[in-house]
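Predicted, not measured: the structure shown is a model, and the values here were computed from it.
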Amino acid sequence: MKKDYVTVMRELREDHDLRQKEVAAYLNIDQRVYSRYETAQNAMPIEKAILLCELYHVSADYLLGMDTVKWRKGDTSAPERGKS
């Protein structure tokens with residue numbers, strides 16, 4: 001079952017044991033701004049979405065809830081196993 005992007009964002013953050021404040025610092029934004037992205041109160045700029053994909057090592061399709069698979073087999077942009 002596909003999820004909406006705000007659910008995916010929250011789950012990824014929680015799976016990585018990060019607080020909103022920590023993710024906001026990574027994105028170089030205030031925690032309140034990140035919170036509004038995560039609750040769909042504000043649209044997230046594409047630059048921030050790309051940074052989240054890099055932080056969590058997921059595809060944009062996965063982050064946006066368009067795919068249930070984090071990486072496709074043979075995807076050259078996927079991180080190697082054991083490396084982050």
Side-chain angles (χ1 to χ4, degrees):
M1 181 169 107
K2 293 182 182 178
K3 301 176 187 177
D4 62 34
Y5 78 95
V6 294
T7 301
V8 174
M9 285 176 57
R10 187 186 71 250
E11 288 178 353
L12 285 168
R13 179 178 56 77
E14 291 173 349
D15 288 349
H16 285 81
D17 296 321
L18 295 171
R19 295 181 173 167
Q20 285 185 350
K21 185 175 182 176
E22 295 168 310
V23 178
Y26 179 82
L27 298 175
N28 200 29
I29 58 174
D30 188 89
Q31 181 271 331
R32 291 171 291 195
V33 173
Y34 178 77
S35 177
R36 289 191 289 261
Y37 295 160
E38 201 173 273
T39 57
Q41 293 176 18
N42 286 21
M44 183 173 42
I46 190 69
E47 299 85 15
K48 302 304 182 189
I50 291 167
L51 288 172
L52 286 179
C53 291
E54 292 172 353
L55 174 65
Y56 297 130
H57 301 288
V58 297
S59 69
D61 284 348
Y62 183 83
L63 178 70
L64 297 174
M66 299 173 64
D67 201 343
T68 58
V69 178
K70 290 182 182 182
W71 291 109
R72 293 282 174 206
K73 187 174 181 174
D75 185 346
T76 58
S77 62
E80 294 179 35
R81 289 199 174 264
K83 294 185 180 180
S84 18

Please confirm whether the backbone N or O of Gln41 pairs with a side-chain atom of Arg36, one donor and one acceptor, at under 3.5 Å? no
Min side-chain heavy-atom separation Ile50-Glu47 under 4.5 Å: no
Closest approach of Val6 to Thr39 (non-hydrogen atoms, all atoms of both residues): CG1-C, 4.2 Å
Please report the interatomic distance CG(Leu51) to CE(Met44), rounded to the nearest 0.5 Å. 10.0 Å
Step by step, work out the side-chain contact (heavy atoms from CB on, under 4.5 Å) result for Leu55 and Leu18. CA-CA 11 Å; Leu55 174 65; Leu18 295 171; 4.3 Å; yes
Tyr34 side chain near Met9 side chain, heavy-atom distance below 4.5 Å: yes
Evaluate side-chain contact (heavy atoms from CB on, under 4.5 Å) for Leu52 paired with Leu12, printing each intermediate quantity in order. CA-CA 9 Å; Leu52 286 179; Leu12 285 168; over 6 Å; no
CZ of Arg10 to CG of Asp15: how many Å apart, nearest 0.5 Å? 10.0 Å
Let me see the working for Gln20 and Val23 under side-chain contact (heavy atoms from CB on, under 4.5 Å), right down to the final yes or no. CA-CA 5 Å; Gln20 285 185 350; Val23 178; 5.9 Å; no
Tell me the closest heavy-atom pair linking Tyr62 and Val8, and the distance in Å. O-CG1, 3.5 Å
Looking at side-chain heavy atoms only, is the closest gap between Tyr37 and Ile29 below 4.5 Å? yes
OG1 of Thr7 to CD of Glu38: how many Å apart, nearest 0.5 Å? 9.5 Å
Please check if the number of heavy atoms outside Asn28 that lie under 6.0 Å from its CG is greater than 12. no
When rounded to the nearest 0.5 angstrom, what distance separates NE2 in His57 from CD in Glu54? 9.0 Å
